[in-house]
Amino acid sequence: MSICSAAVLISGSGTNLQAFIDETASGKIDLELSVVLSNRPDAAGLERARKADISIECLRHQDYPERAQFDAALVETLDKYAPDLVILAGFMRVLTATFVDHFRGRILNIHPSLLPKFPGLDTHRRALDAGEKWHGSTVHFVTGELDGGPALIQGRVPVRPGDSMAELAARVLAVEHKIYPQAVRLFAAGRIQYRDGSAWLDGERLNEPLQYSNTIRG
Ligand code: GAR
């Protein structure tokens, strides 16, 4: 089987991107990072891509009158790299059906909450306000429903008494750097698939997301 090529889409600091760069470099994940695309030219993650010698594309969403045109440009740009997988890693744009349909079953996102809890923005503040005892992050396939596609892996972290938003966010980010490479490793190995609106692992429908532990093999 040929190596899985991935496009990583970012808008910000790119620490999840860095996790992929590190795991790819150390051979822990069989992935070719073909391109890093940002909608913000000042995204710090672009520097990480530059250092790792990965192709960079930058498309400013403000340069397009409508979301549809921006998404069409995204598709055209990404198609040049023919990615097997599109990895959304802190890409803070809602994608239209055009984009989702084009790459259907090949787009992963990481969302900083234990979905279906807290879809959308501001998840850490909302988890604190709700008095949650546990918070975390979810890797899921992207469908037309915002943060609603089938979940693959979740990483749970405790919410500690007196936690600030920054403390909680840092704890969640640390688990993201484990679960996202793990999900991509399974995808790249052909073990995880999207079919009939569900996620499948090793040919079995995944009714519940995997829970992060060091023992998931892949
Ligand atoms: C991550 O926490 C990710 O879950 C979140 O943005 C952060 C990006 O961090 N994504 C979303 O909120 C998507 N709606 P990073 O740039 O350091 O990888």
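All values below were derived from every heavy atom in this structure, side-chain atoms included, with hydrogens, water molecules and symmetry-related copies excluded.
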Specify the closest pair of heavy atoms between [X] and [Y], including all atoms of both residues, with the distance to one decimal.
X      : Y      : result
Ala89  : Asn16  : CB-CB, 4.1 Å
His140 : Leu115 : CD2-CD1, 3.8 Å
Leu31  : Ile87  : CD2-CD1, 4.3 Å
Ser198 : Arg205 : OG-NH1, 2.6 Å
Tyr180 : Leu88  : OH-O, 2.8 Å
Ser137 : Leu114 : N-CD2, 4.0 Å

Over 12 non-hydrogen atoms of neighbours within 6.0 angstrom of CD in Gln62: yes
Is it the case that atom CZ in Arg48 sees more than 12 heavy atoms from other parts of the structure closer than 6.0 Å?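 Above 12, so yes.
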Report the C-alpha separation of Leu201 and Glu204 in whole Å, then their side-chain angles, then the decisive distance to 0.1 Å, and conclude whether the side-chain contact (heavy atoms from CB on, under 4.5 Å) test is met. CA-CA 5 Å; Leu201 171 66; Glu204 303 272 336; 5.7 Å; no
In terms of hydrophobic clustering (I, L, V, M, F, W, Y; side-chain heavy atoms under 4.5 Å; direct or indirect links), are [X] and [Y] co-clustered?
X      : Y      : answer
Val172 : Met165 : yes
Leu173 : Leu128 : no
Tyr194 : Ile153 : yes
Phe118 : Ile179 : no

So, the side chain of [X] versus the backbone of [Y]: is there a donor-acceptor pair under 3.5 Å, distance only?
X      : Y      : result
Arg195 : Gly105 : no
Thr138 : Ser113 : yes
Thr123 : Pro112 : yes

Verify side-chain contact (heavy atoms from CB on, under 4.5 Å) between Arg40 and Met92, making sure each step is shown before the conclusion. CA-CA 10 Å; Arg40 300 179 53 121; Met92 303 306 282; over 6 Å; no
State, with a plain yes or no, whether a side-chain heavy atom of [X] is found less than 4.5 Å away from one of [Y].
X      : Y      : value
Ser34  : Pro83  : no
Val35  : Thr77  : no
Arg106 : Val86  : no
Arg171 : His135 : no
Pro181 : Thr24  : no
Leu59  : Tyr64  : yes
Leu152 : Phe187 : no

Working to the nearest 0.5 angstrom, can you tell me the gap between [X] [atom1] and [Y] [atom2]?
X      : Y      : atom1 : atom2 : result
Arg67  : Thr96  : CZ    : OG1   : 8.5 Å
Leu37  : Ser55  : CG    : OG    : 11.0 Å
Ile107 : His102 : CD1   : NE2   : 9.5 Å
Leu108 : Leu9   : CG    : CG    : 12.0 Å
Glu23  : Asp30  : CD    : CG    : 12.0 Å
His111 : Glu176 : NE2   : CD    : 9.5 Å

Check: Thr15/His177 side-chain N/O donor and acceptor closer than 3.5 Å: yes
Compute whether any side-chain donor of one residue and acceptor of the other, for Asp71 and Thr98, lie under 3.5 angstrom apart.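 The criterion, which ignores hydrogens and geometry beyond distance, is not satisfied for Thr98 and Asp71.
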Does Arg60 pair with Asp63 as a salt bridge, N-O distance under 4.0 Å?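 Counted as a salt bridge, because a side-chain N and a carboxylate O are separated by less than 4.0 Å.
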Residues Arg125 and Asp129 bridged, charged N to O under 4.0 Å: yes
Can you pull out every salt bridge (Lys or Arg N to Asp or Glu O under 4.0 Å) where at least one residue sits in residues 87-101? Sequence neighbours excluded, please. Asp101-Arg104
Pairwise salt bridge (Lys or Arg N to Asp or Glu O under 4.0 Å) hits with a residue in residues 74-84, at least two apart: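 Sorted pair list: Glu57-Lys80.
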Take Ile54 and Ile21, measure what side-chain contact (heavy atoms from CB on, under 4.5 Å) needs, and give me the verdict at the end. CA-CA 9 Å; Ile54 303 168; Ile21 291 172; 3.9 Å; yes
Where does the angle between the aromatic ring planes of Phe70 and Phe91 fall among parallel (under 30°), tilted (30 to 60°) and perpendicular (over 60°)?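 Because their plane-to-plane angle is under 30°, the rings of Phe70 and Phe91 count as parallel.
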Show your working on side-chain contact (heavy atoms from CB on, under 4.5 Å) between Trp200 and Ile192 and close with a plain yes or no. CA-CA 6 Å; Trp200 298 72; Ile192 275 185; over 6 Å; no
